[in-house]
Amino acid sequence: MSEKVNPGAAATAALKDQSQERQKAMIAEHFRKLAEAPERGEKCVYTFVPGNLTELIDSFGLLPVLPEINALQSGMRGKSRDYIALAEKLGHSEDVCTYVKCDIGMLKSGNVGPTGERLPNPDLLLLSYTGCFTFLKWFELLGQEYDAPVTMLHVPYQGDGVVTDSMRTYVVDQLKKKIIPALERISGRAYDEEALKERLERSAQAEEDLVWVLESAKRRPSPIDAYFGGVYYIGPIFTAFRGTQDAVLYYRELRAEVEERIALGKGPVTPDGEIANERYRLVVEGPPNWTSFRKFWQMFAEEGAVVVASTYTKVGGVYDNGFRHDPDRPLETLADYCMGCYTNLNLPTRVQMLERYVREYSADGFLINSVKSCNSFSAGQLMILREVERRTARPGGFIESDLVDPRYFSASNIKNRLESYFQMIEQKRAGGV
Amino acid sequence: MTELEQLLARAEELYRDLRFQAVTDWKARHGGLAIGFMPVYVPRELLHAMGVLPVGVMGAGDDLEIIRGDAYYQSYICHLPRSTIELGLNGALDSLDGMLFPATCDVIRNLSGMWKLQFPEKYAHYLDVPQDFDALVGGQFYRRELEEIADELHRRGARKLEPAALRRSIEAYNENRSLVEALYTLRIDEPWRVPTHELYLLLRAGNVLSVEEHTAMLREYREAVLADADRRSMDQARVLLAGSFCEQPPLGLLRTLERAGCYIVDDDFVQVHRWITGDVRANGADPLGDLVLAYLEQGIASPIRYIDDQAKGQALVERVERSGAEGVIFCAPSFCDPALLDQPMAVAAIERAGIPWTSFKYAENTGQFQVIREQAGTFADSIKLWSE
Ligand code: SF4
Ligand code: SF4
């Protein structure tokens with residue numbers, strides 16, 4: 001353990017972090033509800049994180065299940081290796097997204113969720129297809145496994161870097177003609193726009209606080225880590241809780257905790273303690289690795305490297321560009337939300353966003369974690385690297401791993417690359433290269 | 001050289017010409033715009049009606065040394081985009097006034113943005129074909145999308161899109177498609193008359209020639225092979241090749257499969273020619289609407305198209321039956337998400353129907369075919385054994 005990390009402070013912080021306790025309780029409660037759903041006659045909707053319609057689903061009293069979250073949890077709990085191996089044995093290619101294989105392997109192994117309880121079968125596969133074509137194949141695959149209807153929401157891509165009226169109309173038309181009728185059929189309830197609006201109102205409140213928390217990293221030292229820590233902060237809003245009162249409270253508490261850290265001049269908390277000496281401020285592009293998440297984080301923390309902004313924390317919604325769910329335009333706002341998720345932005349927009357982060361967060365450099373699984377993120381990242389480097393004149397770094405396939409996480413390799421990268425930043429500071 | 005040999009030599013020359021001279025020549029003759037498009041499907045009729053030459057860009061096969069393209073892509077991404085970038089960087093695509101990137105997969109999608117960054121002076125547009133097939137929902141969206149493209153091309157110098165011209169273009173492509181289909185049918189009936197490596201070169205010629213020239217070429221080829229008494233039946237296994245709808249296998253691989261004892265009686269190559277089944281209505285009052293409807297209702301069941309009726313793979317089984325194939329070879333590019341994610345579902349359907357299958361992967365620049373040759377040979381032998 002490096003002296004830059006202070007374990008004692010972590011213990012105190014962990015004790016104090018009410019928001020974390022609340023998040024844990026929310027998740028436990030959600031999985032309990034899911035486990036009991038079949039008995040209680042409650043219906044479940046499988047759906048995805050980017051472009052999720054959580055407020056709408058909740059307004060029908062339906063429970064969402066998010067396969068990517070199950071996959072990443074399986075990765076963190078050391079189960080993904082076996083699940084992926086099983087899926088590959090069943091004929092799934094070694095070349096494709098490991099989230100899909102992890103999910104299929106989990107399903108074939110009894111569909112036991114992250115809390116150890118069995119997940120219910122879907123009553124509806126709600127394919128909201130934002131920013132990635134693999135989602136489409138994923139639910140075609142699940143469609144073969146379950147006796148549940150699939151309803152698709154095709155979300156157009158921001159190919160030209162803008163959302164046009166035509167795109168918005170297309171999504172709203174699908175919501176009206178396809179999605180809402182499907183939710184009505186499954187739930188046996190009529191669409192209740194007032195109920196949706198209430199939820200959207202609460203979403204906007206939580207989003208406001210989330211953005212405040214993420215932007216707190218503009219300070220020196222940053223009170224948060226916006227990548228490793230960030231994945232915890234986005235948890236509730238990206239998953240089953242956007243639009244709930246729990247989420248509003250969670251983000252209010254989180255904000256208060258961060259305010260306190262700022263007042264005390266503290267750096268981010270890591271699993272091994274607080275980063276007391278912020279040496280490098282980084283912007284990170286790409287998802288993290290989940291199988292060695294803690295080890296990965298340690299490699300940064302030990303060097304005093306703090307991630308001040310990341311794109312991964314925008315896959316389930318980009319809020320720091322001003323977007324908030326708007327209860328006055330309930331379906332249009334859902335459409336705008338879906339189309340605005342990070343991987344639905346074209347490459348030039350992604351480059352601009354990274355460039356902005358590097359400048360606004362006073363980063364020393366930016367780093368890409370390129371994951372083998374995900375063409376949606378990865379195809380084009382080498383060009384992004386060059387472009388951002390050219391525009392910001394800050395050093396860019398590139399490492400490769402995977403989301404949940406431990407075969408593609410080489411700790412020594414990544415550590416070496418990170419060390420050379422930090423050296424590069426030092427040289428740059430010293431007026432070298 | 002016989003006329004047939006000359007025609008095939010011309011087709012192979014077009015296929016190997018990575019400077020796209022045919023496009024430059026066409027522009028010199030006609031003075032219109034040339035717009036490239038990536039796999040799989042774009043409505044070429046629309047471009048044609050505006051006096052624009054649609055040019056299919058399908059990577060660079062095994063003929064191009066990749067010098068800069070590899071610096072744009074990680075090792076775990078398919079080969080097609082890196083050779084396409086290479087072509088862009090080395091000036092081979094300079095004759096193109098723009099590129100369309102249809103919604104095929106995330107790699108092509110992201111390539112559209114890379115193109116915008118790399119070639120800011122050129123038109124680069126992501127063609128977001130709908131996955132909702134309701135005429136009043138996805139259809140309306142698609143129509144607006146096509147209108148936007150037409151407006152933009154007009155701004156850049158193309159003729160205005162007029163219904164009468166579009167009707168004529170639809171007719172021209174209907175004729176072209178029916179000739180392609182006729183060759184596929186002839187290959188089913190008499191595969192020795194239409195070897196796949198020849199048919200493939202003809203399909204590729206259609207990527208760079210005007211539809212009129214290509215139609216003439218198809219017709220000439222058909223007449224020539226029907227008259228060629230030297231083409232005789234051999235004892236080969238009939239196979240359907242599935243999965244090669246985007247990055248294309250090298251020509252050598254097709255020849256290898258044929259030499260290994262396979263008659264390929266159906267395939268997914270250069271699918272733009274076969275995406276729409278049957279004719280697009282050509283005499284309606286609203287030809288753009290007819291083009292949209294054809295996309296929605298006459299499109300093939302490709303892995304890049306959403307299938308929601310729980311009958312995944314059924315279309316493949318039907319193709320096997322229609323073509324009289326005795327087995328399926330899944331032949332997909334390495335790291336090709338749509339093909340490889342689809343494969344387990346297709347395999348399940350094929351197995352349910354009791355059809356033998358095998359699979360391998362390739363890259364467009366694969367140079368060694370020994371393993372594939374052995375695998376295909378064994379597969380062909382086993383099929384023949386079973387059918388005896
Ligand atoms: S390819 Fe990427 S975005 Fe798509 S499902 Fe996999 S990890 Fe998610
Ligand atoms: S080969 Fe497959 S993954 Fe590659 S660009 Fe084509 S469809 Fe996409």
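Labels below follow one simple rule: chain letters A, B, ... track the order of the sequence lines, proteins then strands, and each chain is numbered from 1.
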Does any heavy atom of chain B fall under 4.5 Å from the side chain of A:Y129, the backbone, both, or neither of them? side chain
Nearest 0.5 Å, please: how far is OG in A:S166 from CD in B:E148? 6.0 Å
Go through A:S370, A:G91, A:C374 and name the one with the most non-hydrogen pairs under 4.5 angstrom from chain B. A:S370
Contacts of type ring-ring contact (aromatic ring centres under 6.0 Å, His included), residue A:W138, not counting sequence neighbours: A:F48
Taking side chain as C-beta onward, heavy atoms only, is A:T169 less than 4.5 Å from B:R144? yes
Heavy-atom pairs under 4.5 Å with chain A: which of B:P338, B:A71, B:P81 has the most? B:A71
Between A:L141 and B:P344, what is the shortest heavy-atom contact and its length? CD2-CB, 4.5 Å
Given the options A:S376, A:G159, A:G380, which has more heavy-atom pairs under 4.5 Å with chain B than any of the others? A:S376
Scored by heavy-atom pairs under 4.5 Å with chain B, the best of A:D173, A:V351, A:L136 is A:L136
Portion of A:K177 that has a non-hydrogen atom of chain B nearer than 4.5 angstrom: side chain
By a 4.5 Å heavy-atom criterion (distance strictly below it), what part of A:K178 contacts chain B: side chain, backbone, both, or neither? side chain
Kindly determine whether A:V371 and B:Y76 satisfy side chain to side chain contact (heavy atoms under 4.5 Å, CB included), including the steps that lead there. CA-CA 9 Å; A:V371 294; B:Y76 45 78; over 6 Å; no
Side chain proximity check, A:P156 to B:E145, heavy atoms < 4.5 angstrom: no
Can you name the side-chain hydrogen bond (donor to acceptor under 3.5 Å, both in side chains) partners of B:D70, sequence neighbours left out? B:R82
Verify side chain to side chain contact (heavy atoms under 4.5 Å, CB included) between A:R350 and B:N110, making sure each step is shown before the conclusion. CA-CA 11 Å; A:R350 284 170 62 185; B:N110 289 6; 3.9 Å; yes
Measure B:Q118 against the heavy atoms of chain A and call it side chain, backbone, both or neither at under 4.5 Å. both
Toward chain B, the part of A:L127 with a non-hydrogen atom under 4.5 Å: side chain
Tell me, for B:R305 versus chain A, whether the close heavy atoms (under 4.5 Å) come from the side chain, the backbone, both or neither. backbone
Considering only heavy atoms, which portion of A:N375 lies under 4.5 Å from any heavy atom of chain B: side chain, backbone, both, or neither? both
Tell me, side chain or backbone of A:V172 under 4.5 Å from chain B's heavy atoms, or both, or neither? neither
Answer key: most heavy-atom pairs under 4.5 Å with chain B among A:Q381, A:M167, A:E400, A:R386 is A:R386
Can you name the nearest heavy-atom pair linking A:K137 to B:M345, along with the distance? O-CE, 4.2 Å
Please determine whether side chain to side chain contact (heavy atoms under 4.5 Å, CB included) holds for the pair B:D337 and A:C97, giving the CA-CA distance in whole Å, both sets of side-chain angles, and the decisive distance to 0.1 Å. CA-CA 8 Å; B:D337 277 348; A:C97 172; 5.8 Å; no
I need the minimum non-hydrogen distance between B:D106 and A:T134, along with the two atoms involved. OD2-N, 4.2 Å
Could you tell me which of B:Y73, B:F335, B:Y306 has the largest number of non-hydrogen atom pairs under 4.5 Å with chain A? B:Y306
Which answer fits B:V107, side chain, backbone, both or neither, if we ask what part of it has an atom under 4.5 Å from a heavy atom of chain A? both
Could you please state which residues from residues 123-132 of chain B sit under 4.5 angstrom from chain A, measuring non-hydrogen atom to non-hydrogen atom, sorted by number, or 'none'? B:A124, B:H125, B:Y126, B:D128, B:V129, B:P130, B:Q131, B:D132
Does B:Q74 use its side chain to pair, donor to acceptor, with the backbone of A:S378 at less than 3.5 Å? yes
Side chain to side chain contact (heavy atoms under 4.5 Å, CB included) for B:K116 and A:D160? Distances and angles first, verdict last. CA-CA 9 Å; B:K116 280 181 192 288; A:D160 289 332; 2.8 Å; yes
Quick check on B:S359 against chain A: is it the side chain, the backbone, both or neither that has a heavy atom closer than 4.5 Å? neither
Check: A:E140 side chain, B:I307 main-chain N or O, donor-acceptor pair, under 3.5 Å: yes
With sequence neighbours left out, write down each residue that passes side-chain contact (heavy atoms from CB on, under 4.5 Å) with B:D97, or none if nothing qualifies. B:K27, B:L33, B:A34, B:I35
With a 4.5 angstrom heavy-atom cut-off, is it the side chain or the backbone of B:L136 that approaches chain A, or both, or neither? both
Charged tip of B:R109 within 45° of A:F133 ring normal and under 6.0 Å: no
